[in-house]
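Just so you know, these numbers use all the heavy atoms, side chains as well, and skip hydrogens, waters and symmetry mates. Whatever order the structure lists them in is the order used to number ligands and atoms, beginning at 1.
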Amino acid sequence: MSTSANPKPKRRRRGPPKQGPASPVVATVGAMVAHEVGGEGARRDARQAPPPARVVATTATGRGSGGEGARGVEGSASNDGRSAHEAGSVDGSYLTETRFDQCAISPLSLKAVKDAGYERMTQVQEATLPIILQGKDVLAKAKTGTGKTVGFLLPAIEVLTALPRSTSINLLVMCPTRELANQVAAEARKLLKYHRSLGVQVVIGGTRLPQEQRSMQANPCQILVATPGRLKDHLENTPGFSTRIKGVKVLVLDEADRLLDMGFRRDIEKIIAFIPKERQTLLFSATVPEEVRQISHVAMRKDYEFINTVQEGDEETHSQVNQMYMIAPLDLHFYILYDVLKKHTAEDAEYKVIVFCTTAMVTKLVAVVLSQLKLNIREIHSRKSQSARTKVSDEFRKSKGLILVSSDVSARGVDYPDVTLVIQVGLPADREQYIHRLGRTGRKGKEGQGILLLAPWEMHFLSTVNDLSISEAVAPSIDSSIQAVVKDAVTRVEMKSKESAYQAWLGYYNSNKSISRDKARLVRLAEEFSQSMGLEVPPAIPKLILRKMGLSNVPGLRSA
Ligand SMILES: Nc1ncnc2c1ncn2[C@@H]1O[C@H](COP(=O)(O)OP(=O)(O)OP(=O)(O)O)[C@@H](O)[C@H]1O
């Protein structure tokens with residue numbers, strides 16, 4: 001399925017992938033998996049033939065841990081001459097040849113897995129399950145859409161089934177967004193189908209705290225899925241909660257690099273202080289920048305095991321996702337966005353598109369403009385009520401023929417099946433955010449398309465993704481009829497929305513060092529954005545907001 005952009009043949013130079021130190025590889029049944037222990041890292045030659053039929057994980061001492069007690073994955077090692085890597089996935093997709101019924105998991109879990117329609121393990125599931133069942137802390141890296149949620153939930157549930165019945169919280173899963181927390185809880189409920197003694201609850205912002213308190217007191221569950229802010233609220237305000245959290249035996253940080261970055265780290269550290277040190281900790285993500293490796297001791301024991309299913313030299317994104325970028329002046333972005341969407345939706349009635357924007361208010365503006373242009377639009381961002389967000393998220397998950405205009409609340413983890421195109425408008429927050437947003441398409445081995453739409457002064461971002469297969473696409477030329485309808489739609493957007501979008505846009509780019517170090521230039525670029533909304537003069541901004549942004553008395557900015 002191609003989209004309307006006319007990709008130039010030029011492939012971007014592929015620099016070395018920005019991975020951590022060269023990862024040793026422990027071949028497992030069917031999959032070559034890079035696997036280190038803590039910082040020391042047990043190193044094995046990547047070219048070694050796959051081990052015999054058991055998953056073999058090396059430990060810091062180099063001892064095989066596939067021995068007694070380790071409930072490894074019994075599998076028929078692939079010896080049909082294919083390299084271990086090829087054998088690592090059936091027909092080259094994301095599944096291995098290892099079946100769940102070859103695993104040492106409880107019959108009740110196996111039944112639930114089968115009911116969920118899961119037959120074979122994905123690479124990250126195959127590689128991490130035996131290590132987690134040994135009780136080790138694990139930092140796991142696997143590409144987007146390859147089953148990391150089941151990868152941490154299934155073994156964690158197995159650990160809980162071995163515990164005495166309790167009303168304590170024994171498994172705590174932290175997620176960076178509410179939609180993702182709801183999704184993880186739903187996946188947990190699937191796996192708990194036959195485990196009558198285990199229940200799961202979700203605590204997320206945007207819902208009423210007293211309602212959550214009552215529900216947790218009335219029906220104390222053993223598994224809690226939470227966003228950090230709301231969990232902290234409960235620790236501080238819900239009677240008995242800090243006692244219940246003392247029962248945590250397994251802590252999971254999903255999208256771990258996001259939870260350990262500046263935005264969340266203080267909350268995460270405060271929460272961890274309430275949890276017993278004697279626990280198992282699992283960190284999962286599709287991206288694990290080196291700085292995250294460095295701080296993983298915040299949450300994990302020193303001898304944690306790093307399991308990386310992204311092959312050395314392979315890209316962190318999927319080869320079956322066609323990545324393109326377009327460079328065009330800001331005042332053409334609305335036209336180009338409309339033109340690409342019109343062509344993509346005309347090409348395939350089963351289209352399912354996510355358009356990512358930089359902030360909630362810019363998301364709102366873009367959604368209004370595209371709705372005015374009669375595209376089938378839904379919007380989701382932090383300025384929508386939680387009930388509205390949940391409704392849109394559930395609808396988009398089940399639908400086709402829909403365009404979701406979203407802020408980064410949908411950037412990570414959310415599993416929307418069969419997304420055909422991801423468009424990212426403007427500078428992504430960083431390389432990781434680009435990869436995760438793109439990862440909303442091309443899931444479960446399927447094809448997908450990604451387009452990154454940048455202004456010429458945003459091109460520097462491309463140097464952070466120069467190891468990925470992203471190619472330049474010629475921005476479509478816009479005919480006068482399209483220009484007229486888009487211009488009219490933009491003009492009709494109410495002034496309040498434009499003012500909010502301008503203020504948010506300025507705040508976002510002011511927080512980007514590469515743009516904001518030259519304030520005069522930032523002001524000029526903001527004027528460009530204002531003109532792209534059809535405004536002759538940029539809106540005024542409340543004095544207090546300008547002060548908070550550190551932009552008081554900057555020439556060219558009007559204060560209200
Ligand atoms: N073993 C399996 N067989 C078939 N489907 C699976 C299997 N494991 C998980 N899935 C499905 O694969 C999809 C992607 O799973 P999941 O959302 O956990 O991916 P992820 O790796 O966490 O992605 P992201 O990095 O975006 O968070 C889900 O629809 C899930 O139900």
Side-chain angles (χ1 to χ4, degrees), residues 30-31 73 75 88-91 93-103 105 109-110 112-129 139-157 173-177 179-191 193 225 252-259 282-288 307-310 316-318 321 352 354 356 393 396-398 406 408-419 422 432-446 448 450:
V73 170
S89 56
V90 179
D91 64 45
S93 72
Y94 68 115
L95 291 176
T96 70
E97 296 199 16
T98 306
R99 294 192 317 279
F100 282 102
D101 58 18
Q102 292 171 306
C103 303
I105 56 175
S109 289
L110 187 54
V113 161
K114 279 194 178 339
D115 288 4
Y118 306 150
E119 236 181 77
R120 288 196 171 88
M121 301 180 94
T122 66
Q123 286 194 9
V124 67
Q125 293 162 4
E126 178 196 64
T128 54
L129 184 109
L139 168 61
K141 174 179 173 179
K143 293 187 181 182
T144 51
T146 57
K148 290 188 289 297
T149 310
V150 168
F152 59 72
L153 281 177
L154 181 58
I157 288 168
V173 183
M174 306 291 300
C175 300
T177 63
E179 283 73 21
L180 183 52
N182 280 326
Q183 180 182 295
V184 169
E187 191 78 48
R189 287 189 190 98
K190 281 198 267 183
L191 298 176
K193 187 173 175 182
V225 186
V252 177
L253 299 187
D254 190 12
E255 307 300 336
D257 57 322
R258 179 75 180 96
L259 289 175
L282 312 175
L283 272 56
F284 275 63
S285 182
T287 53
V288 181
I307 295 181
N308 179 1
T309 65
V310 180
E316 291 181 288
T317 48
H318 291 288
V321 174
K352 187 167 180 169
I354 304 179
F356 282 106
S393 179
F396 189 68
R397 179 170 286 108
K398 295 177 195 130
S406 178
D408 275 341
V409 296
S410 312
R412 282 175 175 255
V414 282
D415 181 53
Y416 294 133
D418 305 321
V419 169
V422 166
E432 285 71 34
Q433 213 64 345
Y434 168 80
I435 290 171
H436 283 274
R437 285 165 151 191
L438 184 74
R440 296 317 99 204
T441 187
R443 300 175 75 75
K444 294 181 70 168
K446 297 200 177 133

When Val184, Leu129, Ile157 are each screened for side-chain contact (heavy atoms from CB on, under 4.5 Å) with Phe152, the one that passes is Val184

Electrostatic pair Asp415-Arg443, nearest N-O below 4.0 angstrom
yes

Worksheet item: Got a donor-acceptor contact below 3.5 angstrom from the Thr96 side chain to the Met121 backbone?
Response: yes

Those residues at least two apart in sequence (or on a different chain) that pass ring-ring contact (aromatic ring centres under 6.0 Å, His included) with Tyr118 are none

Exercise answer, ligand 1 polar atom pairs (N/O) under 3.5 angstrom:
unit_1: ligand 1; atom_1: 1 (N); unit_2: Arg120; atom_2: O; d: 2.8
unit_1: ligand 1; atom_1: 1 (N); unit_2: Gln125; atom_2: OE1; d: 3.0
unit_1: ligand 1; atom_1: 5 (N); unit_2: Tyr94; atom_2: OH; d: 3.4
unit_1: ligand 1; atom_1: 8 (N); unit_2: Gln125; atom_2: NE2; d: 2.8
unit_1: ligand 1; atom_1: 17 (O); unit_2: Arg443; atom_2: NH2; d: 3.0
unit_1: ligand 1; atom_1: 18 (O); unit_2: Lys148; atom_2: N; d: 3.4
unit_1: ligand 1; atom_1: 18 (O); unit_2: Thr149; atom_2: N; d: 3.0
unit_1: ligand 1; atom_1: 18 (O); unit_2: Thr149; atom_2: OG1; d: 2.7
unit_1: ligand 1; atom_1: 19 (O); unit_2: Gly147; atom_2: N; d: 3.2
unit_1: ligand 1; atom_1: 19 (O); unit_2: Arg443; atom_2: NH2; d: 3.4
unit_1: ligand 1; atom_1: 21 (O); unit_2: Thr146; atom_2: N; d: 3.0
unit_1: ligand 1; atom_1: 21 (O); unit_2: Gly147; atom_2: N; d: 3.2
unit_1: ligand 1; atom_1: 21 (O); unit_2: Lys148; atom_2: N; d: 3.1
unit_1: ligand 1; atom_1: 21 (O); unit_2: Lys148; atom_2: NZ; d: 2.7
unit_1: ligand 1; atom_1: 23 (O); unit_2: Gly145; atom_2: N; d: 2.8
unit_1: ligand 1; atom_1: 23 (O); unit_2: Arg443; atom_2: NH2; d: 3.1
unit_1: ligand 1; atom_1: 25 (O); unit_2: Lys148; atom_2: NZ; d: 2.6
unit_1: ligand 1; atom_1: 26 (O); unit_2: Arg440; atom_2: NH1; d: 2.8
unit_1: ligand 1; atom_1: 26 (O); unit_2: Arg440; atom_2: NH2; d: 2.8
unit_1: ligand 1; atom_1: 26 (O); unit_2: Arg443; atom_2: NH1; d: 2.8
unit_1: ligand 1; atom_1: 26 (O); unit_2: Arg443; atom_2: NH2; d: 3.3
unit_1: ligand 1; atom_1: 27 (O); unit_2: Glu255; atom_2: OE2; d: 3.2
unit_1: ligand 1; atom_1: 29 (O); unit_2: Asp415; atom_2: OD2; d: 2.6
unit_1: ligand 1; atom_1: 31 (O); unit_2: Tyr118; atom_2: OH; d: 2.6

Residue set satisfying side-chain hydrogen bond (donor to acceptor under 3.5 Å, both in side chains) with Lys143, at least two apart, ordered chain then number -> Asp314

Those residues at least two apart in sequence (or on a different chain) that pass side chain to side chain contact (heavy atoms under 4.5 Å, CB included) with Ala411 are Phe356, Asp408, Gln433, Arg437

